Protein chains: 2
Amino acid sequence: MAFTIGELGKATGTKVETIRYYERIGLLAKPERTSGNYRSYGKAELGRLSFIRRARDLGFPLDQVRALLSLSDDRTRDCATVDALARDHLAEVERKIVDLTALRSELSALLDSCEGGTVGDCRIIEALAPPATSGETL
Amino acid sequence: MAFTIGELGKATGTKVETIRYYERIGLLAKPERTSGNYRSYGKAELGRLSFIRRARDLGFPLDQVRALLSLSDDRTRDCATVDALARDHLAEVERKIVDLTALRSELSALLDSCEGGTVGDCRIIEALAPPATSGETL
DNA sequence: CTTGACCCTGTAGTTCCTACAGGGTGCATA
DNA sequence: TATGCACCCTGTAGGAACTACAGGGTCAAG
């Protein structure tokens with residue numbers, strides 16, 4: 001029931017270097033070592049790393065992951081903090097979906113109207129550029 | 001009809017340092033200078049920078065932004081090239097929409113399960129925690 | 001004519017990894 | 001037993017895309 005770093009990496013979809021990096025920055029504790037000085041991990045580390053990877057995959061930056069981890073380490077704490085983190089993140093994701101959806105229709109309109117000729121007729125930049133000729137953007 | 005770098009930054013939601021950085025790496029041309037050696041921008045730069053920021057915000061790396069821009073800079077180029085590039089970008093945009101949509105439902109499921117109280121009761125932490133007590137993840 | 005907001009160049013730091021270099025370990029196989 | 005070979009170790013450097021100074025000029029207002 002002990003993993004090498006490579007096995008842990010495979011189990012969590014993490015590169016070995018990334019695991020060592022997480023250890024270096026204190027996101028993972030220093031693990032036990034074998035007689036040959038290999039890192040040795042157990043189920044607890046597997047869980048913690050899975051958590052980290054999943055949060056990263058959802059776009060949480062490492063310091064937020066760290067906050068989340070320290071929250072879960074203290075189970076008596078108020079849930080509102082976690083909720084706020086996720087809520088902010090959801091809002092951002094939704095904004096991006098809106099933008100990308102707009103970009104998608106612009107791109108497919110561009111493709112529909114592209115029948116040969118030169119770029120001068122294609123107007124790709126105009127199609128992609130935001131409607132911000134006169135003020136603020138984003 | 002001329003902006004300082006600060007005004008351009010405000011208009012596009014870009015930090016001054018970032019604009020200078022884009023200039024340094026050749027994404028923006030070196031602008032005219034005032035008598036006092038201040039950078040002076042016009043509408044064209046505003047459009048170009050807006051485009052860059054939007055593409056960046058949607059997750060396109062600078063290399064791809066550069067490709068798109070260089071395409072539009074050479075207005076004599078064959079439209080088929082543009083078409084192919086736009087098609088690639090459309091595919092990528094669609095992939096990103098799919099990813100973000102999945103992320104959104106995960107996040108809102110997370111939020112739905114949060115009923116207040118302490119972290120011990122909060123499902124967000126658990127939802128993020130490993131679905132992998134006995135093997136591989138992700 | 002000075003104050004404060006802005007601009008200049010240049011360099012160094014940040015985040016989140018990723019990639020070596022130069023070497024040790026462990027296990028199977030000839 | 002030796003010899004591969006895959007894997008592990010430390011340490012450092014690189015890379016993408018910024019971001020933050022330091023140390024200094026410029027400019028409009030009071």
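Every value quoted in this text rests on a predicted model; they were computed, and no experiment measured them. Naming: A, B, ... by sequence-line order, numbering from 1 per chain.
As rounded to whole Å, 19 Å separates atom P of D:dT26 from atom CD of B:Glu7. As rounded to whole Å, 15 Å separates atom C1' of C:dA12 from atom OH of B:Tyr21. Atom CZ in B:Arg24 sits about 10 Å away from atom P in C:dT11, given to the nearest Å. What separates CG of B:Leu27 from P of D:dA16 is a distance of 13 Å, to the nearest Å. If you measure from atom CD1 of B:Ile52 to atom C1' of D:dA16, you get 16 Å, rounded to the nearest angstrom. As a whole-Å value, the separation of A:Gln64 CD from C:dC16 P is 10 Å. Atom C1' of nucleotide C:dC16 and atom CG of A:Asp63 are separated by 11 Å, given to the nearest angstrom. What separates CZ of A:Arg20 from C1' of C:dC17 is a distance of 13 Å, to the nearest Å.
OP1 or OP2 of C:dT18 lies within a sub-4.0 Å distance of a side-chain N or O belonging to A:Thr18. B:Arg66 has no side-chain polar atom (N or O) that falls below the 4.0 Å cut-off from OP1 or OP2 of D:dA17. Checking the phosphate oxygens (OP1, OP2) of C:dC17, a side-chain nitrogen or oxygen of A:Tyr22 falls inside 4.0 Å.
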> Run the side-chain contact (heavy atoms from CB on, under 4.5 Å) check on A:Leu8 and A:Thr14 step by step: do they pass?
Replying inline: CA-CA 8 Å; A:Leu8 184 65; A:Thr14 315; over 6 Å; no
>> For B:Tyr21 and B:Leu27: C-alpha separation, side-chain torsions, deciding distance, then whether side-chain contact (heavy atoms from CB on, under 4.5 Å) applies.
In response: CA-CA 9 Å; B:Tyr21 167 70; B:Leu27 215 55; over 6 Å; no
>> Would A:Glu45 and A:Leu28 count as a side-chain contact (heavy atoms from CB on, under 4.5 Å) here? Give the steps.
In response: CA-CA 8 Å; A:Glu45 282 93 346; A:Leu28 294 174; 5.6 Å; no
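Remark: B:Glu32 CD is loosely packed, at most 12 non-hydrogen atoms of other residues, nucleotides or ligands lying under 6.0 Å away.
Residues satisfying the salt bridge (charged side-chain N to carboxylate O under 4.0 Å, His left out) criterion with A:Glu23, sequence neighbours excluded, are A:Arg39.
For B:Leu62 and B:Lys15, each mapped to the nucleotide of DNA chain D holding its nearest heavy atom, the one lying further toward the 5' end belongs to B:Leu62.
Judged purely by distance below 3.5 Å, without hydrogens or angles, the side chains of A:Tyr41 and A:Arg48 never pair a donor atom with an acceptor atom.
Residue B:Ile5 is classed as a sugar-phosphate contact, given heavy-atom separations below 4.0 Å to backbone atoms only.
For the pair B:Ser50/B:Arg53, no side-chain contact is recorded, criterion being any heavy-atom separation below 4.5 Å from C-beta on.
Within residues 31-40 of chain A, the residues that have a heavy atom under 4.0 Å from DNA chain C are, in order of number, A:Gly36, A:Tyr38.
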